[in-house]
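Take a look at the structure set out below.
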Amino acid sequence: MAATVDIAEMRKRQQAQNEEISTVSQAPGGNQRPNTCCFCWCCCCSCSWNEERGEHAGRPTHTTKMENIQIEEECQTPTVEEILSWSHNFDKMMKSLAGQNLFREFLRTEYSEENLLFWLACEDLKNEQNTKIVEDKARNIYEDYISILSSKEVSLDSRVREVINRNLLDPTAHMYEDAQLQIYTLMHRDSFPRFLNSHVYKSLLEGTEDSTTES
């Protein structure tokens, strides 16, 4: 009989505690942290609160910054005349979003997409005027495309690398101009001729010609 009373008393206490916790969690304006894995909300465990802190930290990672420098995937379809003009004018193709997209698609097949991405990152840097942002972007470019530890390292001669290393002490928006020109020349002389003979280029040209004929 005594045991039964004790059990009943324990159940009442447990029910009272549950109701108290429920009341606190539902109180308006309370600092409720849903789905936390512990009452102390500590940072030592992988709870949803820690995930929220990461999501709302407001500071993009290094990878995000560099990946934001991308070519627009959607742009106006080039005409047959424009596509044909690229075959004898590399500069014109590089100034066209459609041309950059197509050339980038080809470079992916040759595992040399980093050359174009590096060139675009340098173009983006040259358009920046904020000194702090220039410094950040310059160092990001170095880490992504110049450092020998990077998987996206571009091929530069020792002279240009020495210039970059000196410029990195006091970064400017135009510190990569020599390197950018070297990579641009490499793409023009090495990759571009193969691009014109590639399935990527010929398919777009044929598809555009067919569309023009049908219309």
Side-chain angles (χ1 to χ4, degrees), residues 60-128 136-161 163-164 173-215:
T61 62
H62 168 65
T63 302
T64 302
K65 287 181 180 179
M66 295 313 299
E67 290 180 351
N68 283 338
I69 306 176
Q70 300 292 332
I71 306 170
E72 292 184 19
E73 295 296 336
E74 296 181 2
C75 55
Q76 186 175 0
T77 303
T79 63
V80 175
E81 291 75 16
E82 184 178 4
I83 298 173
L84 287 172
S85 71
W86 297 343
S87 63
H88 53 79
N89 195 328
F90 181 70
D91 294 340
K92 185 174 182 178
M93 184 194 72
M94 289 292 284
K95 292 177 182 177
S96 163
L97 285 176
Q100 290 176 3
N101 275 333
L102 194 66
F103 190 48
R104 181 182 181 184
E105 182 181 344
F106 166 74
L107 291 177
R108 283 197 190 108
T109 67
E110 295 205 332
Y111 304 100
S112 57
E113 181 186 14
E114 66 276 2
N115 289 333
L116 180 58
L117 294 179
F118 168 70
W119 184 83
L120 288 170
C122 292
E123 286 293 288
D124 177 71
L125 176 63
K126 288 192 294 188
N127 292 325
E128 184 57 62
D136 289 342
K137 287 186 175 182
R139 295 189 185 281
N140 286 340
I141 290 174
Y142 185 91
E143 292 174 6
D144 275 354
Y145 303 109
I146 309 300
S147 172
I148 60 175
L149 300 178
S150 173
S151 60
K152 298 181 289 184
E153 178 192 6
V154 296
S155 179
L156 298 170
D157 62 37
S158 58
R159 180 192 65 82
V160 172
R161 284 184 174 274
V163 172
I164 291 174
H174 296 271
M175 63 172 287
Y176 289 110
E177 281 191 339
D178 288 347
Q180 188 183 17
L181 177 60
Q182 193 168 102
I183 294 302
Y184 190 86
T185 303
L186 175 66
M187 292 190 293
H188 187 187
R189 295 179 179 177
D190 185 59
S191 302
F192 185 57
R194 292 196 300 275
F195 164 73
L196 296 177
N197 290 317
S198 70
H199 177 72
V200 172
Y201 176 75
K202 292 180 178 179
S203 293
L204 177 64
L205 181 59
E206 292 171 0
T208 307
E209 287 177 337
D210 290 343
S211 298
T212 303
T213 302
E214 291 175 1
S215 58

Checklist entry - Can you name the closest pair of heavy atoms from Tyr176 and Ala138 and give their distance? => result OH-O, 2.6 Å
Checklist entry - How about Phe106 and Tyr201: are their ring centroids closer than 6.0 Å? => result no
Item to check | Separation between NE2 of His199 and OG1 of Thr109, rounded to the nearest 0.5 Å | outcome: 11.0 Å
Next on the checklist: Nearest 0.5 angstrom please: Leu196 CG to Lys202 NZ, how far?
Outcome noted: 9.5 Å
Checklist entry - Could you go step by step and tell me if Arg159 and Asp178 meet the side-chain contact (heavy atoms from CB on, under 4.5 Å) rule? => result CA-CA 10 Å; Arg159 180 192 65 82; Asp178 288 347; 4.1 Å; yes
Checklist entry - How about Leu156 and Ile164: do any of their side-chain heavy atoms sit closer than 4.5 Å? => result yes
Next on the checklist: For the OG atom of Ser155 and the CG atom of Leu186, what is their distance to the nearest 0.5 Å?
Outcome noted: 6.5 Å
Item to check | Contact summary for Thr208 and Pro78, nearest pair of heavy atoms | outcome: CG2-O, 3.6 Å
Checklist entry - When you measure from the side chain of Tyr145 to the backbone N and O of Lys152, does any donor-acceptor pair fall under 3.5 Å? => result no
Checklist entry - Rounded to the nearest 0.5 Å, how far apart are CG of Asp136 and CD1 of Ile141? => result 11.0 Å
Item to check | Donor-acceptor pair, side chain of Arg194 and main chain of Asp190, under 3.5 angstrom | outcome: yes
Next on the checklist: Checking Lys95 against Gln100: is there a side-chain donor and acceptor pair closer than 3.5 Å?
Outcome noted: no
Next on the checklist: Looking at His88, I'd like to know if its NE2 atom is crowded, meaning that more than 12 non-hydrogen atoms belonging to other residues, nucleotides or ligands lie closer than 6.0 Å.
Outcome noted: yes
Item to check | Side chains of Glu143 and Ser150, donor plus acceptor under 3.5 Å | outcome: no
Item to check | Nearest heavy atoms of Lys137 and Asp124, plus distance in Å | outcome: NZ-OD2, 2.8 Å
Item to check | SB check Glu153 Arg161 (cutoff 4.0 Å) | outcome: yes
Next on the checklist: For a 4.5 angstrom cut-off between non-hydrogen side-chain atoms, does Trp119 reach Val154?
Outcome noted: no
Next on the checklist: Is any side-chain heavy atom of Lys126 closer than 4.5 Å to one of Glu177?
Outcome noted: yes
Checklist entry - How would you list, by chain and number, every residue that makes a ring-ring contact (aromatic ring centres under 6.0 Å, His included) with Tyr142, sequence neighbours excluded? => result none
Checklist outcome for this item: Rounded to the nearest 0.5 Å, the OG atom of Ser198 sits from the CG atom of Leu204 at a distance of 10.0 Å
Checklist outcome for this item: All heavy atoms of Phe195 vs all of Met93, minimum pair found to be CE2-SD, 3.5 Å
Next on the checklist: Let me confirm one number: the CZ-CG distance from Arg104 to Asn115, rounded to the nearest 0.5 Å.
Outcome noted: 12.5 Å
Checklist entry - Would the Phe118 and Tyr184 ring centres measure less than 6.0 Å apart? => result no
Item to check | CA sep, side-chain torsions, deciding dist, call: His188, Met94, side-chain contact (heavy atoms from CB on, under 4.5 Å) | outcome: CA-CA 10 Å; His188 187 187; Met94 289 292 284; over 6 Å; no
Checklist entry - Any sub-3.5 Å donor-acceptor pair from Glu105's side-chain atoms to Val200's backbone N or O? => result no
